[in-house]
Amino acid sequence: MSAFIRYQLISFVRSLKFIPPVVIFCAWVFILYAYKNVPILSSYAVSSIVMYLIMTWITMSIFTLDEESEKHILISHLRRKVSYLFGKWLTILVIMIPLLLFAVFFPIIIESFEGNMSVKLYIYTFYSHLVFSSFGILVGTLFSATKLATKKYAWLSSVFIIVVSLSSKSIIEMMAFSKWILWIFPPVFKVTDYMEGDSQLLLNKPIIFDSIFVVVYLIIGAVMLVPLFLNKEG
């Protein structure tokens with residue numbers, strides 16, 4: 001598996017597909033912290049959302065990296081089709097780690113925040129970035145590693161999912177009945193709702209229950225993607 005991950009990383013770098021998402025992400029973070037004394041949680045909420053977009057982009061790039069013939073050869077070497085999927089996910093996680101660390105520690109290093117970081121803020125900051133990155137990986141996988149990848153508007157559909165999930169709370173406020181439909185979209189507001197306002201964070205029952213819901217959603221989403229991927233590969 002380690003050899004497969006190295007091969008994927010080398011192929012990704014040589015393809016130069018990493019340049020647009022990485023450059024855009026870094027530029028966005030630089031612009032976000034161009035001013036001093038910015039609020040901690042709301043700033044991290046923005047960078048988490050950017051991670052959502054960028055990781056969707058990177059995931060779709062990673063899954064479309066191999067030609068069909070090359071993919072079949074790789075699967076034969078791995079011996080199991082699901083190992084190919086897990087190898088891709090591990091590759092994406094390796095790419096995600098430096099981006100996540102940059103998003104979290106860059107503003108701390110240049111002292112952009114108006115307050116001081118605490119253990120609770122560190123924990124929730126890493127949690128929010130990991131969750132939004134995972135949302136991006138799920139969405140990217142859905143539209144690049146399943147039968148939806150063969151659709152003409154796969155990229156547009158992934159953008160639609162992202163936009164609806166980010167605006168789902170406002171949609172529910174305007175149309176209450178939509179909550180019975182929007183639950184299938186990534187529950188981003190269950191993370192961002194606690195990152196509004198000042199830099200104080202209370203670890204109470206609502207935030208714990210919402211965090212459990214988000215983790216369960218991610219697990220179920222990942223489990224459901226496995227048979228969808230295997231079905232596509234036949």
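Just the heavy atoms: all of them, side chains too, but no hydrogens, waters or symmetry mates, feed the values below. Source: prediction; values computed, not measured.
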Nearest-0.5 Å distance, CZ of residue R6 to OG1 of residue T91: 11.0 Å
Would you say the side chain of T56 lies within less than 4.5 Å of the side chain of I137, judging by non-hydrogen atoms? no
For the residue pair M55 and I58, establish whether any side-chain heavy-atom pair is separated by less than 4.5 Å. yes
What distance do I54 atom CD1 and I49 atom CD1 have between them, rounded to the nearest 0.5 Å? 13.0 Å
Quick one: OG on S157 to CD1 on I162, what's the gap to the nearest 0.5 Å? 11.0 Å
Quick one: do K88 and T59 satisfy side-chain contact (heavy atoms from CB on, under 4.5 Å)? Show the steps, please. CA-CA 8 Å; K88 288 283 189 177; T59 299; over 6 Å; no
Could you measure the distance from the CD1 atom of I108 to the CG atom of L121? Nearest 0.5 Å is fine. 9.5 Å
Show every donor-acceptor pair shorter than 3.5 Å between a side-chain atom in residues 208-232 and any protein atom, with sequence neighbours excluded, or say none if there are none.
| unit_1 | atom_1 | unit_2 | atom_2 | d |
| --- | --- | --- | --- | --- |
| D210 | OD1 | K190 | NZ | 3.4 |
| D210 | OD2 | Y194 | OH | 2.5 |
| S211 | OG | I207 | O | 2.7 |
| Y217 | OH | I184 | O | 2.7 |

Can you sort out the partners of T141 under side chain to side chain donor-acceptor pair (under 3.5 Å), two or more places apart, ordered by chain and number? W89
Is M195 close to S128 at the side-chain level, that is, under 4.5 Å between some pair of heavy atoms? yes
L130: what forms a side-chain contact (heavy atoms from CB on, under 4.5 Å) with it, not counting sequence neighbours? M96, L100
pair F143-Y153: side-chain heavy atoms closer than 4.5 Å: no
In this structure, would I97 and F86 fall into the same cluster of hydrophobic residues linked by side-chain contacts under 4.5 Å? yes
Given side-chain contact (heavy atoms from CB on, under 4.5 Å), test S158 with M60 step by step and report yes or no. CA-CA 10 Å; S158 65; M60 296 185 75; 3.7 Å; yes
Test ring pair (Phe, Tyr, Trp, His ring centres under 6.0 Å) applied to Y84 - qualifying residues, sequence neighbours left out: F4
What closest approach, in Å, do F189 and S168 show between heavy atoms, and which atom pair accounts for it? CD2-OG, 3.3 Å
Residue pair P186 / V139: nearest heavy atoms and the distance that separates them: CG-CG2, 4.2 Å
For S144 and T64 the tightest heavy-atom approach is CB-CG2, 4.4 Å
Review item, side-chain donor-acceptor pairs of residues 27-35, under 3.5 Å, at least two apart:
none

Listed partners of L16 passing side-chain contact (heavy atoms from CB on, under 4.5 Å), at least two apart: F18, I19
With sequence neighbours left out, write down each residue that passes side chain to side chain donor-acceptor pair (under 3.5 Å) with Y7, or none if nothing qualifies. E70
By side-chain contact (heavy atoms from CB on, under 4.5 Å), R80 pairs with (sequence neighbours left out) V82, S83
State, yes or no, whether a side-chain contact exists between P39 and F113 at a heavy-atom distance under 4.5 Å. no
CD1 of I161 to CG of L148, rounded to nearest 0.5 Å, is 9.0 Å
Describe, in one word, how the ring planes of Y127 and Y124 are oriented to each other, choosing from parallel (under 30°), tilted (30 to 60°) and perpendicular (over 60°). tilted
Apart from V119 itself, what residues make up its hydrophobic cluster when side-chain heavy atoms of I, L, V, M, F, W and Y under 4.5 Å apart count as a link, directly or indirectly? I123
Is there a donor-acceptor pair closer than 3.5 Å between any side-chain N or O of K36 and the backbone N or O of E114? no
Partner set under side chain to side chain donor-acceptor pair (under 3.5 Å) for K71, not counting sequence neighbours: E68, E233
dist S47:OG -> L99:CG (nearest 0.5 Å) comes out at 11.5 Å
Assess whether side-chain contact (heavy atoms from CB on, under 4.5 Å) is satisfied between T192 and S48, documenting all intermediate values. CA-CA 9 Å; T192 55; S48 296; over 6 Å; no
Residue pair I95 / Q8, side-chain heavy-atom distance below 4.5 Å: no
Hydrophobic clusters join Ile, Leu, Val, Met, Phe, Trp and Tyr when side-chain heavy atoms are under 4.5 Å apart, directly or via other members; which others share one with V163? V159
side-chain contact (heavy atoms from CB on, under 4.5 Å) between W57 and W155, intermediate numbers included: CA-CA 9 Å; W57 188 347; W155 280 91; 3.7 Å; yes
Please identify each residue that fulfils side chain to side chain donor-acceptor pair (under 3.5 Å) with S165, with sequence neighbours left out. Y52
Keeping Y44 on the side-chain end and V104 on the backbone end, is there a donor-acceptor pair under 3.5 Å? yes
Hey, does I24 have a side-chain heavy atom less than 4.5 Å from the side chain of V50? no
